[in-house]
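Below is one structure, written out as structure tokens; the observations come after it.
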Amino acid sequence: MEKPERADPSDWVDRYGDYLFRYAMLRLRDRSATEDLVQETFLAALESRRSFSGESSETTWLIGILKHKIADHFRRQAREVSLPDGDPRDPPEDDRFDATGRWSNGPTEWGGNPADLFRRKEFFDQFTKCLSGLSRKHANAFTLREIEGADTGEICKILNVTETNLWVILHRARMLLRRCLETRWFDKSAERGS
Amino acid sequence: MLSCKDVTRLLSESMDTSLPIGRRIGVRLHLLMCGFCARYERQLNLIRGAARHLAAVEEMPVDPSGGNLSEEAKERIRKSLRNNP
């Protein structure tokens, strides 16, 4: 059986550095924390190099290590924000419903089709900005669930919350993200007619 | 009867777990009658699609506009790799 190609560690940074960086940056949205995680990943890889079975590609192996580092990072942040005062960005209660729970200010029509939308880099810039505007707890839960695609049991362990708690957090995150996108992108694109 | 506020919460919850059948029917009935909540559901799905698209995009070739590791960081990491043989 042919073994997958293995690069010399001195070539790792040039070969995999940017890829690992983009992967982590999308999830952390913090350049210096991301650079640190990439470095930690390479160092951990260097240490465990001999036990690397070579059954997966080197990229898959490195991403596997990076994923653990990212989970650790979120775990640390979850401990930090569980201070009594919480995150100052924690949103106030939603004001879009009246006392009977009916929309008082319903969602506007977004129009267009996703295929066209997803080709617009500017849309994703706004998407990322909206995500960064959420409190850490909401942003990290959303990132783990929708970008990383983790299952809820796993996320509960990382963020140290119950499942019911996580549903509330994700509901909040989606609602706030939706509202932010509406304000920052869709209502504006309706104005400029595109 | 479920209110719009209940339905938005259940729509989100249904993206993370499967709702009991009674709840599911309640939500579907509400959506038949409520344009705002039906729109809300479409928008939640679009947001999920956008997040997945973003995750897939990182497989694309290097973005020359700067979404990469800085030269300083690369040099720092190379050095740390050399010092940990």
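Residue numbering restarts at 1 for every chain, and letters A, B, ... go by the order of the sequence lines.
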What one should report as the nearest heavy-atom pair of A55(B) and R27(A) is CB-NH2, 4.5 Å

Side chain, backbone, both or neither: which part of L117(A) has a heavy atom under 4.5 Å from chain B?
side chain

Pairwise distance CD(E13(B)) to CG(L166(A)) - rounded to 0.5 angstrom:
10.0 Å

One option among T8(B), L11(B), D16(B) has the most heavy-atom pairs under 4.5 Å with chain A, and it is D16(B)

Checking Q43(B) side chain against T108(A) main chain: does a donor-acceptor pair fall under 3.5 Å?
yes

So, the part of L46(B) with a heavy atom under 4.5 Å from chain A: the answer is both

Identify which of W110(A), W12(A), F124(A), F127(A) forms the greatest number of heavy-atom pairs closer than 4.5 Å to chain B.
W110(A)

V168(A) and L2(B): same hydrophobic cluster, using ILVMFWY side-chain contacts below 4.5 Å?
no

How long is the gap from CZ on R78(B) to CG on D11(A), to the nearest 0.5 Å?
9.5 Å

With a 4.5 angstrom heavy-atom cut-off, which part of P9(A) approaches chain B: side chain, backbone, both or neither?
backbone

For the hydrophobic clusters of this structure (ILVMFWY residues joined by side-chain heavy atoms under 4.5 Å, transitively), does one cluster hold both F74(A) and M25(A)?
yes

Which pair of non-hydrogen atoms, one from R39(B) and one from P107(A), has the smallest distance, and what is that distance?
NH1-O, 2.6 Å

Between E182(A) and chain B, which part of the residue has a heavy atom less than 4.5 Å away: side chain, backbone, both or neither?
side chain

Between H171(A), E35(A), R178(A), the one whose heavy-atom pairs under 4.5 Å with chain B are most numerous:
H171(A)

Is chain B contacted by the side chain of T34(A), its backbone, both, or neither, given a heavy-atom distance below 4.5 Å?
neither

Is any side-chain heavy atom of T17(B) closer than 4.5 Å to a side-chain heavy atom of T152(A)?
no

Would a 4.5 Å heavy-atom cut-off, applied to side chains only, mark Q39(A) and K79(B) as touching?
no

Measuring from atom CG of N45(B) to atom CZ of R174(A), what distance do you get when rounded to the nearest 0.5 angstrom?
9.5 Å

Quick check against the 3.5 Å criterion: does R145(A) have a side-chain atom that pairs as donor or acceptor with the backbone of M15(B)?
yes

Any heavy-atom pair between the side chains of S70(B) and F21(A) that's under 4.5 Å?
no

Gap between atom CE of M175(A) and atom CG of L44(B) - 0.5 Å precision:
8.0 Å

Applying the 4.5 Å side-chain criterion to the ILVMFWY set and letting contacts propagate, would V13(A) and Y16(A) be lumped into a single cluster?
yes

Separation between CG (L20(A)) and CG (N68(B)), nearest 0.5 Å, reads 11.5 Å

Between C37(B) and W103(A), what is the shortest heavy-atom contact and its length?
SG-NE1, 3.2 Å

NZ/NE/NH1/NH2 to OD/OE distance under 4.0 Å, K74(B) and D14(A):
no

On a heavy-atom basis, the closest approach of L46(A) and L81(B) is CD2-O, 3.7 Å

Can you list the steps and then say if H53(B) with R119(A) is a side-chain contact (heavy atoms from CB on, under 4.5 Å)?
CA-CA 10 Å; H53(B) 184 86; R119(A) 274 196 286 273; over 6 Å; no

Is there a path of hydrophobic side-chain contacts, each under 4.5 Å between heavy atoms, that joins W167(A) and V161(A)?
no

How many angstroms lie between CD in E40(A) and CD1 in I77(B), if you round to the nearest 0.5 Å?
10.5 Å

Crowding at CD, E47(A) (>12 non-hydrogen neighbours, <6.0 Å):
no

Taking I25(B) as the starting point, is it possible to reach L31(B) by hopping between hydrophobic residues whose side chains are less than 4.5 Å apart?
no

Within a radius of less than 6.0 Å around CZ of R23(B), do more than 12 heavy atoms belonging to other residues, nucleotides or ligands occur?
no

For the student: nearest non-hydrogen atoms of A50(B) and F123(A), plus distance
CB-CE2, 4.0 Å

